[in-house]
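To keep things clear, I will list the structure first and then write my remarks on it.
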Amino acid sequence: MTNLLKTSTVLRWMLAALGVVVVLSVVQELARPTTIDLISSGTAESTLRRAVPILLAGLGGIWAERAGVVNIGLEGMMVLGTWFGAWGALEFGPWWGLAIGIAGGAAGGLLHAVATVTFGVDHIVSGVAVNILAPALARFLSGEVFSGRSGGGITQSPRVESVGSLDLPFLSGGDLLGWGTPNLFGWTASQDWLLVSDVAAVLSGITRSLSWASLLALSLIPLSIFILWRTPYGLRIRASGEHPVGADSLGVSVYRMKFTAVVISGGLAGFGGAFIAIEQTGVYREGQVQGRGFIGLATVIFGNWQPAGAFLGSLLFGFADALQLRDRTAVHALLLLVGIVLIGLAVRAGVNNKRSSAAMLLITSAVVLWWYAVTEEVASELPPITPHLATLLVLIFATSRLRMPAANGLRYRRGQE
Amino acid sequence: MAPDSTTPPVVQLSGITKRFPGVVANDRVDLQVANGEIHAVVGENGAGKSTLMKILYGMIPADEGQMLVGGAEVRFSSPSEAIDSGIGMVHQHFMLADHLTVLENVILGAEPTKRGIIDRTAARRDLEDLGRSYGLDLDPEDFVESLEVGERQRVEIIKVLYRGAKVLILDEPTSVLVPQEVEKLFHNLRELKSRGHTIIFIDHKLDEVLAIADTITVLRHGRTVATVSSSDVTTAELAELMVGSELPKPSTEPRVPDPHVTLSVRSATVLGDDERPLVDAVDLDVYRGEILGVAGVEGNGQGELVEAILGLRALSEGELFLDGEQITHWPVRRRREAGLGYVPEDRHRRGLLLDAPLWENAMLGHQTQRPFARGAWLNRSGAREATAQIVADFDVRTPGVDTKARALSGGNQQKLVIGRELSAQPRMLIAAHPTRGIDVGAQAAVWDELRKARRNGMAVLLISADLEELIGLADRLVVMLRGRVTAEMDPSTATPRLLGSHMTGASADEQGTKE
Amino acid sequence: MSIRRVSLALAAPVCAFVFSIGLSSLVLLAFGTNPMDAWSEMLSYGTRLETFVETGNRATPLYLAGIAVAIGFRMNLFNIGVEGQYVLAALLAASVGAAVDLPPVLHIGLIIAVAMSVGSAFAGVAGYLKVHRGVHEVISTIMLNAVALAAVGFLLRTWLLDESDTTLNITTPEIAPSGWFPNLNKLVEVFTREISRGRELWGFILVAAVVGVLFHVFLNRTRPGYDLRATGLNPFAAAAGGVDPEATVVRTMLLSGAVAGLIGLPQILGDAHTYDLGFARGLGFTGIAVALVGRNHPGGVAVAALLFGWLDSAAPILDVRGDAPREIVSILQGVVVLSAVVAYEVVNRIRQSAEAREAAVASQQSLESVSRTTT
């Protein structure tokens, strides 16, 4: 029975993914010929690459909040990750860079853990303090370490190498033992088969020149689920976030659980930061995190504190991010997409008898579609903030069905109830 | 197995001392529990029972003293060490995570594993075995949030047994149960005893203690007063040991009938988030100078009814009248200004600003009125004087009116809340569990004040889980079950048992006088 | 007892500051710099009149930012959105100020009113979302920050751009001199010497002081202020006490946003007279730090703002002299924030247990000794 449930979950995910591709294909047809980038292997590849840091921040948020500690300091920990990642990559090579970036983020997590768990400081206050300290530290260190090197300075590092990537054999024509395998997805995508080619293009995008670091990051989703839901350690972490006094009464060391969870959270954020510096841009640059830590936090909320949900959220943001980088006209087509999706949501709200939500969604949809109809392209300021707007919209319309850990954000002192 | 006095005591505490800032919670306490007995530890609130048990269970360290378990000296620094020594504890406030399943709650901290993974199959099998052999049946995959109070307590007991505990500590296990459930619990406890478990049972309801315990240890002001065998002692003697005198009993005096209705609730309905009624077409009238008692198992709509009357929740249907005036759509502030007083069931949550000084607490709910305010400005000196008056009149023991509310003991906090509400001379007082968690002296004082206010014509809606208190104080009683008023009865003929059967819906026999 | 209270209250920030100096010194040592040289350099440069003037100018917006954040904090609302609120408010206020021609006092009054309304309205969005859609204000204000900054970029590039400017500067038109806030140099020079190097002490510092006093009076002396504090301390008890929690959330956000709207004005009214790309960013975030170090207390926030302002003003000398990188000051500030919040928590706990002890002693005394003259 468990097996059946498992397959059905996978099935459900696959159906949902297929639905997304269908909607995208339809919108793509409507928007042709202004843009051809709405659904393409390039967009898919870029989406994944852009999604990874947000995913890592989101996982970091889940780890901390499942243990009951709100980690708004993710942003600062990612900043530490970018600096230490770049520095490590510069000194010892990209893999070491990732490891040192993770360590840097974990150090930020350690700070947050000491303040919130050991000293009982308000979680938001401590997180804000970490966010203030981290950029200052990064800037100071850059001045000391990167200044004077070629290409380096107080705001950026010299260029660093990335960890390399792979093409999956057979699926995307990667080499296997020196033999160039056929490129199944690439070939299918190049045919002009309705839907099938689009699906293949997306699959080709995410399986070709896939960064090893992305692969590692993606593997952390099942790993997090496994640890949090299948192991004693995970159960104890979740119990610490749901009912710390109860967990303590059973001999669970709640402080240790929260402490390690927050350090892991920082490490994940640090990984995300290092990924930005090493894999995305190939350089440390001041301010390059650009609020991704906060976006990651948002994916935690509307992913309902589930790793898979956070992954979905990160893909959404990665998609918006990828589109605006690749093709601004595609962002214009995105308005059409948003309008259509909003109508779908409005219909669902209407079916569920939530009239005010349905009405608000319909009005928003009308505005967006009108905007699409009367303009040729959108202001250059809009694309970068699509993730933020999406977060707001999702939170505005979806909060009622979310269930956060019961003791999340509350200070816990042993021996006090 | 009968209590065995020839083998050494399974638990022996001697000279246990524990100090908190300003209080000595346990002062050289001694406790000896024989193998296989049910040993009750009694004492009034604040006598140090819970502290002693938390020490025995490793939740807090003792400052001084010696603990022997099974004859060997132990020193627990965490509950897991106590668990390893075969001691388990069922807490008064359930220690269950609502969003985890029964199984997860039970195995937490003692998870069976296979190659590092939780072995759910083995855990479920063990749980079902335990349930079968002790008559504690539960579905391991249920989420705890869907369980009723009695079921939650069974989860707590299974949690303890699952860890192989031989000694079970139960901290006031009956306080959340109605009499029928208490009987079921006692049945379970006797079953445990017959299988060789030792039970330490904390309580202050003396008839229950005498019904179940073999031996009784009495604590008073943090000291051991006596250890007696339950066959050698009466309720009155126990009471005397507990408080040094006879326990105060709530009582009331005959009421001069007054036909004036102060508060009228007409077919009030409150809907929950899932659109199901929490309060379902309730009709109530509270007359001037009357205490109307509301009995009910917690979570049957009493809390929501109170919040609706106060204006914290909207009625989806029905009307409210205060002295004949329609108040259904008034905001909270206007209702309070019109003379609605409120003693909340949880003073920390609804009653106090713990980190504010007493004088700021005394004005909460009255901050728009003299002497606390003049127009939009606070009257600080007026507020402080008024607070000093409350402190004096209601015997709130405090260093001054600038002390933070958090620093006071529970009883003094409650006296402050009661004083704040009564000194404003409301026409209508809603008192939810006004004596919960306070010591006997404070309890008697609160009862006195309620009686006095009633004599002066105040109408009182009294919600309580203490059935003795309801029967003793109220002029009329109603029972709430699943959001409805299901019975109305005369306290002079009501008994806790009868109330209990109405509260659980077990009673189809109409002994209650339904008017 | 009150001496003990005061010394306890002072102990935390002093300890935090000393700790931060120590840690920063260690960092400098680790990179081979002599910290004593750096600190003494800063001290001697920092005690010159011109540096103090600079300190005042830097502290003024920081103070306003700190108060804006503190208003929210006092009722447990985290207005992280001060950043977006003030930048948007500054842009629109500068544009409106440049578009009208009014007599001096009215002109400034109008600019201030516009700035406060814009900040207030934008913060109000977060308040509305919290109350009516249950969106936590931390997330919504962070997202709205991005929206505000994007809006500012768009407006400055298109509708509000000064078309007459031929220097390719991206700026709004300049405000007429009737909308300039006079400086306080004359006033300061009465007590000291002439302020050199063309430094001016912006007069807006007086407005900031008034805001601080009003905040204190509002919070501690008025009933709405009490309602706000009560809601911050315990929203459930406050609601039972007749405070409408939803209205209080919206009101607090509006108030916080109104003060946030003022943050950009010292610079615009006192010096720049336009909004351009060089406009100071990031004050909203520093304001959070200032509010945390100042414990959300009007006096404490003033001290924190002056401290941060002074550090920023004195730091540039480090680069000039080459004793140490000036970024060490940012580290110092960051450590101060973190160690201050930890220290406050520790002191708070010490105070709580001391009070509990006193209360326990009092409860053992007889009724008579609790006199009515405890005030």
Side-chain angles (χ1 to χ4, degrees), chain A residues 1-3 5-6 65-68 122 222-223 225-257 304-306 352-355 399-408 410-417, chain B residues 18 20 50-51 54-55 57-61 76-84 87-101 103-121 123 143-145 155-156 159-160 162-163 169 171 273-275 348:
Chain A
M1 190 192 132
T2 334
N3 265 339
L5 204 73
K6 251 185 224 156
E65 301 210 358
R66 279 286 170 184
D122 183 282
L223 188 67
I225 295 175
F226 175 78
I227 295 176
L228 286 173
W229 276 272
R230 302 274 153 174
T231 67
Y233 175 63
L235 175 59
R236 291 172 191 197
I237 283 191
R238 287 186 296 129
S240 302
E242 297 283 351
H243 198 317
V245 181
D248 180 67
S249 77
L250 293 176
V252 172
S253 171
V254 175
Y255 285 158
R256 198 189 307 149
M257 292 302 129
N304 204 8
W305 287 268
Q306 303 280 350
N352 291 339
N353 229 348
K354 290 188 177 145
R355 289 212 192 96
T399 36
S400 56
R401 281 177 297 113
L402 303 176
R403 190 168 79 169
M404 76 168 182
N408 192 20
L410 304 180
R411 301 179 211 199
Y412 169 69
R413 302 281 315 146
R414 203 168 167 227
Q416 280 179 15
E417 282 166 37
Chain B
K18 176 72 194 175
F20 291 117
S50 289
T51 306
K54 282 181 179 164
I55 291 171
Y57 186 56
M59 291 186 83
I60 47 180
F76 301 140
S77 57
S78 83
S80 52
E81 295 174 29
I83 292 165
D84 290 343
I87 296 175
M89 180 155 174
V90 173
H91 301 267
Q92 181 181 6
H93 304 288
F94 296 145
M95 300 280 183
L96 299 172
D98 279 355
H99 297 170
L100 301 184
T101 63
L103 178 107
E104 286 175 327
N105 269 289
V106 169
I107 64 175
L108 176 63
E111 304 86 354
T113 57
K114 214 153 79 186
R115 287 188 296 274
I117 307 171
I118 295 176
D119 187 348
R120 283 181 180 258
T121 326
F143 281 94
V144 163
E145 65 183 343
V155 179
E156 287 281 10
K159 250 163 76 173
V160 169
Y162 180 80
R163 286 163 174 72
I169 306 167
D171 190 1
D273 291 336
D274 53 359
E275 307 286 308
H348 284 186

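Scope of the values below: all heavy atoms of this structure, side chains included, with no hydrogens, waters or symmetry mates. Every chain is numbered from 1 and lettered A, B, ... according to where its sequence line falls, protein lines coming before strand lines.
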Pick one of side chain, backbone, both or neither for [X], based on which atoms fall under 4.5 Å of a heavy atom in chain A.
| X | value |
| --- | --- |
| B:Phe94 | backbone |
| B:Leu96 | backbone |
| B:Ile117 | both |
| B:Ala82 | neither |
| B:Asn105 | backbone |
| B:Thr113 | side chain |
| B:Ser77 | backbone |
| B:Glu156 | neither |

Check your understanding: Excluding sequence neighbours, so at least two apart, what forms salt bridge (Lys or Arg N to Asp or Glu O under 4.0 Å) with B:Arg163?
Key ->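 Result, salt bridge (Lys or Arg N to Asp or Glu O under 4.0 Å) vs B:Arg163: none returned.
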Looking at every non-hydrogen atom in both residues, tell me the closest pair between [X] and [Y] and how far apart they are.
| X | Y | value |
| --- | --- | --- |
| A:Arg238 | B:Glu104 | NH2-OE2, 3.0 Å |
| A:Gly246 | B:Met95 | CA-CB, 3.5 Å |
| A:Glu242 | B:Ala97 | CB-CB, 3.7 Å |
| A:Arg236 | B:Gly109 | NH2-O, 3.3 Å |
| B:Ile107 | A:Leu235 | CG1-CD2, 3.9 Å |
| A:Ser249 | B:Pro79 | O-CB, 3.5 Å |

Point to revise | Inter-residue atom distance A:Arg230.CZ - B:Glu111.CD, 0.5 Å rounding | key: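 Rounded to the nearest 0.5 Å, the CZ-CD separation comes out at 14.5 Å.
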Point to revise | Side chain, backbone, both or neither of A:Ala407 within contact of chain B (heavy atoms, under 4.5 Å) | key: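 Nothing of A:Ala407, per the 4.5 Å heavy-atom cut-off to chain B.
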Check your understanding: Under a 4.5 Å heavy-atom cut-off, does chain B meet the side chain of A:Tyr233, its backbone, both or neither?
Key ->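 Neither part.
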